[in-house]
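I have placed the structure first, in the form of structure tokens, so that the comments after it can refer back to it.
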Amino acid sequence: MVTVTLPDGSSRQVAAGTTVLELARSIGAGLAKATLGARLDGAAEIVDLRRPLDADCSIEIVTANSEAGLEVIRHSASHVMADAICQLWPEARLSIGPATAEGFYYDIDLGHKISDDELGAIEQKMAEIIAADSPFERCAIDREASLQRFRAAGEIYKAELIEGFDPNDEISVYRHGNGAFEDLCRGPHVPSTGYIKAFKLLKVAGAYWRGDETRPMLQRIYGTAFNSKKELQEHLERIEEAKRRDHRKLGKELELFIFDETAPATPFFLPKGAFIYNALVDFMREKYRVYGYDEVITPQILDLELWKRSGHWDKYRDNMYFTHFDKADFGVKPMNCPTHCLIFRSKGRSYRDLPLRIADFGRLHRYERSGVTAGLTRVRSFCQDDGHIFCRDDQIGDEIARVIRLLREVYQTFGFPDVRVYFSTRPEMSVGTDEVWEKAEAGLQRALEDNGLDYTVNPGDGAFYGPKIDFVVLDALRREWQLGTVQLDFNMPARFELHYTNAQDGRSQPVMIHRAILGSLERFIGIAVEHFAGNFPLWLAPVQVRVLNISEAQLDHANRVVERLKAEGYRVETDFGNGRIGGKIREARNSRVPYIAVIGDREVEDGTLNLRRRGGEELGAKTVDEFCALLREEVSSRSML
RNA sequence: GCUGCUGUGGCUCAGGGGUAGAGCACGUCCUUGGUAAGGACGGGGUCGCGGGUUCAAAUCCCGCCAGCAGCUCCA
């Protein structure tokens, strides 16, 4: 007998060798039916429901309704898809096919290029396999024998996978369709193909074998699966909603920005987009006054010597633009930090001057490989809400805490309450000694812990001059976006030989904290467009009010109202054309103006505006004074209404 | 950069070896209409760029450029 402990703390005695499924059945028939596998002793991996329980353990039964259960379903769906593809194209060679956060994919090597139009045929084949409801069978196999077999079958990817496995681990394959389909796999899988209730194939794209761009490119077929048709439908609708909110589409429709072939990956901000850009800068400047930053303006193009000193020539050259004139070479700045070091060095500094916080909205240029740019979220020219803090060693903790406070305050304003934190350590391409890096990494880690932040470590993902903390927010569609960053740097100050006079009248080297809150304004605007679906809060909306007339009879009055609103500082647009009110309302709504004000004879009569909010909410008649008071309050509170 | 796909009026897209189409937008006129599209008429495109095949290329082929979905890389 073995003792199994259930999540509620109770325990049961079962005969050794009892399977997970049998245990579930002993608890209840309903549970047994829903069981897909189990988590033993809190392990990350899930075991098969046919796994015998040989020793005492704690067990958590995994059902389809849990995240882990969904993963099992998706993983099984990827096998079914692979089976379908192999049936359609028997020459296909399989590599890997895992479940992902949103669905699953399978990377296959196939001479025939699968087009999106062929996904339907694959889905149909999958539906047949699912309808057959054939059991998934697990089978442990011998390492050497299986290597031979996979090699003989030309399954070079599977063979390579086996070669990489720990020789002590058991190797297994899963079969379904009465052995017609077999795939190297650790499992677990659903009991039979019929458990896959709702799936959909989404797209096909290229992916390098093992993510290595020097290795062959395989075809990756993406799909998703859910526990029910309803959940699948909801997921597909989320995808549609994301498409509707795409900032590239809305940016064009709302006339925020354009792109042109003559400047790849570099936006042209139209008046409305430029307004938002400037409003964000103004917003940060307001915060800077409170948080003690001094703004500077620094050169765009600097002598190559500077970039050699900073380390950019060595470690960042591939991302930089260069130019040549007056018999000298120059680099276009990809970062502001070196110029800020020059400012620090421009006069003698005392420990009393520290921390020195410098902010810069300078334009940066970074060469990005052609395939990686996208809309505003990845561009070649951008502006960060950049800042560098020069401080003493003993001020690091306070300064980072301050940045985190500022960051939270800013994210709150935009309705990004959930922030995920990533801690990135020394990358391969880096400057400085091990000792300095250890100190910097320890410093940041302490700051994370002192500020009570839960974080995930990204080993080797730091900047070339120092480790960093990245702040990732979740938008209205629960998608992750990286915004802020805090980087601790002992290297740049050393390379620029920065120093200040300490209290003992000696020389000390300052520490440099690189930080950005919004990240790049370009990316932030792109994210904000999608987050708000173009419905910017009043303070950020390029146009706040659109005034419509019913007929020409109200023109004089309407013009006076518009002048009054403009005089009060509001951004007002008019539609005094000869269309009908229904059409004007429709256009105003599509333009996502926060307030629509209608003026007809009635409003002229009693000196009011007939108002409705962007969402459709009718506010009825209000005097211009009342309306201004309402606007004033909504703007000053930066309401998210 | 790699794989696949795409490029036709301002926008969304149809067409496809024989002198370019729709809807929306735009302009003019009619209409002065009370909360999601009133009507009529009209202007506007060397079909991304360059080469090739052909009697003839927007259409087929090649190259380049740009964009899209991913991969790899990043704010």
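We name chains A, B, ... by the order of the sequence lines, and we start the count at 1 in each one.
Here the separation of B/rA22 from B/rA57, taken at their C1' atoms, is 24 Å to the nearest Å. Rounded to the nearest Å, the gap between the P atom of B/rC65 and that of B/rG43 is 39 Å. When the P atom is used for both B/rA58 and B/rU72, the distance is 41 Å, rounded to whole Å. Nucleotides B/rC41 and B/rC24 have their P atoms positioned 13 Å apart, rounded to a whole Å. Rounded to whole Å, the P atom of B/rG15 lies 28 Å from the corresponding atom of B/rG51. Remark: the separation of the P atoms in B/rG17 and B/rG7 is 15 Å, to the nearest Å. Of the C1' atoms belonging to B/rG67 and B/rC26, the separation is 26 Å, rounded to the nearest Å. Here the separation of B/rA66 from B/rC29, taken at their C1' atoms, is 41 Å to the nearest Å.
Within the 4.0 angstrom heavy-atom criterion, base atoms lie near A/Gly600.
Aromatic ring pairs are classed by plane angle as parallel below 30°, tilted from 30° to 60° and perpendicular above 60°; the pair A/Phe322 and A/Trp313 is perpendicular. Ring planes of A/His388 and A/Phe390: tilted class, angle from 30 to 60°. Between A/Trp307 and A/His312, the ring-plane angle classifies as perpendicular under the 30° and 60° cut-offs. By the 30° and 60° cut-offs, the orientation of the rings of A/Phe257 relative to A/His247 is tilted.
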Taking Watson-Crick and G-U wobble pairs with both distances under 3.5 Å, convert RNA chain B into its dot-bracket string, 5' to 3', dots for unpaired and | for cross-strand pairs.
(((((((..((((....[..)))).(((((.......))))).....(((((..]....))))))))))))....
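Ionic pairing of A/Arg244 and A/Glu240 is not present here: no N-O contact between side-chain nitrogen and carboxylate oxygen is shorter than 4.0 angstrom. Ion pair A/Arg420/A/Asp418 not flagged as a salt bridge, since none of the NZ, NE, NH1 or NH2 atoms sits closer than 4.0 Å to an Asp/Glu carboxylate oxygen. A/Glu71 has no carboxylate O lying under 4.0 Å from a charged side-chain N of A/Arg74, or vice versa, which leaves the two without a salt bridge. Looking at A/Glu522 and A/Arg378, no side-chain N of the basic residue comes within less than 4.0 Å of a carboxylate O on the acidic one, giving no salt bridge. Between A/Arg405 and A/Glu409 there is no salt bridge, since none of the side-chain N atoms of the basic residue sits less than 4.0 Å from a carboxylate O of the acidic one. For A/Glu399 and A/Arg515, the salt-bridge test fails: no basic side-chain N is under 4.0 Å from an acidic carboxylate O.
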Run the side-chain donor-acceptor check on residues 615-624 of chain A: report pairs under 3.5 Å with partners two or more places apart or on a different chain.
from, atom 1, to, atom 2, distance (Å)
A/Thr623, OG1, A/Glu626, N, 3.0
A/Thr623, OG1, A/Glu626, OE1, 3.4

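Here B/rC71 presents its P atom at 13 Å from CG of A/Leu202, a figure rounded to the nearest Å. Rounding to whole angstrom units, NZ of residue A/Lys584 and C1' of B/rA37 are separated by 14 Å. B/rA69 atom P lies 14 Å from atom CD of A/Glu240, rounded to whole Å. Atom CZ in A/Arg248 sits roughly 9 Å away from atom C1' in B/rA69 (whole-Å rounding). A straight line from CG of A/Leu609 to C1' of B/rU35 spans 14 Å, rounded to a whole angstrom. Between A/Glu261 atom CD and B/rG67 atom P the separation is 8 Å, expressed in whole Å. Computed from coordinates, the A/Asp109 CG to B/rU3 C1' distance equals 12 Å when rounded to whole Å. Rounded to whole Å, atom P of B/rA69 lies 18 Å from atom CG of A/Asp117.
Here A/Asp282 pairs with nothing under the side chain to side chain donor-acceptor pair (under 3.5 Å) rule; sequence neighbours left out. Scored by the ring pair (Phe, Tyr, Trp, His ring centres under 6.0 Å) test, A/Phe416 finds A/His531 as partners (sequence neighbours excluded). Taking the side chain to side chain donor-acceptor pair (under 3.5 Å) definition, one finds that A/Asn535 meets it with nothing, sequence neighbours left out. Annotation: side-chain contact (heavy atoms from CB on, under 4.5 Å) contacts of A/Asn578 (sequence neighbours excluded): none.
Between A/Arg210 and the phosphate of B/rU72, there is no side-chain N or O to OP1/OP2 separation shorter than 4.0 Å. Taking side-chain N and O atoms only, A/Tyr367 has a distance below 4.0 Å to OP1 or OP2 of B/rG1.
Contacts between residues 278-285 of chain A and RNA chain B, defined by a heavy-atom separation under 4.0 Å, are absent.
Contact of A/Tyr208 with B/rG70 (side chain to base): no donor-acceptor pair of N or O atoms is detected under 3.5 Å.
Screening residues 542-555 of chain A for side-chain hydrogen bond (donor to acceptor under 3.5 Å, both in side chains), with sequence neighbours left out, gives A/Arg546-A/Glu573, A/Arg546-A/Ser591, A/Asn549-A/Lys584, A/Ser551-A/Gln554, A/Gln554-A/Asp601.
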Distances under 3.5 Å between protein N/O atoms and the N/O atoms of nucleotides 27-32 of chain B, please, pair by pair.
from, atom 1, to, atom 2, distance (Å)
B/rC30, N4, A/Asn578, ND2, 3.1
B/rU31, O4, A/Asn578, ND2, 2.6
B/rU32, O2, A/Glu552, N, 2.9
B/rU32, O4, A/Glu552, OE2, 2.5

Protein N or O to nucleotides 73-75 of chain B N or O, pairs below 3.5 Å:
from, atom 1, to, atom 2, distance (Å)
B/rC73, O2, A/Arg378, NH1, 3.2
B/rC73, O2, A/Arg378, NH2, 2.6
B/rC73, N3, A/Arg378, NH1, 3.0
B/rC74, O2, A/Arg378, NE, 3.4
B/rC74, O2, A/Arg523, NH2, 3.4
B/rA75, OP1, A/Lys468, NZ, 2.8
B/rA75, OP2, A/Lys468, NZ, 3.0
B/rA75, O3', A/Gln482, OE1, 3.2
B/rA75, O3', A/Gln482, NE2, 2.9
B/rA75, O3', A/Arg523, NH1, 3.0
B/rA75, O2', A/Arg523, NH1, 3.0
B/rA75, N6, A/Glu368, OE2, 2.9
B/rA75, N6, A/Val379, O, 2.6
B/rA75, N1, A/Val379, N, 3.2
B/rA75, N1, A/Val379, O, 3.2
B/rA75, N3, A/Ser520, OG, 3.4

Between protein and nucleotides 41-44 of chain B, what N or O pairs are separated by less than 3.5 Å?
none

Are any protein N/O atoms closer than 3.5 Å to N/O atoms in nucleotides 10-15 of chain B? If there are, list each pair with its distance.
from, atom 1, to, atom 2, distance (Å)
B/rU12, OP1, A/Lys252, NZ, 3.2

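Each of A/Asp601 and A/Glu587 was matched to the nucleotide of RNA chain B holding its nearest heavy atom; the match closer to the 5' end belongs to A/Glu587. Projected onto RNA chain B by closest heavy-atom contact, A/Arg586 and A/Asp260 fall at different nucleotides, the more 5' of which corresponds to A/Arg586.
Of the N and O atoms on the side chains of A/Lys333 and A/Thr298, at least one donor lies less than 3.5 Å from an acceptor on the other residue.
With a 6.0 Å cutoff to the six-membered ring centre and a 45° limit on the axis angle, A/Arg93 does not count as a cation-pi contact of A/Tyr157.
Proximity of A/Thr377 to A/Glu530: side-chain heavy atoms (C-beta onward) are nowhere separated by under 4.5 Å.
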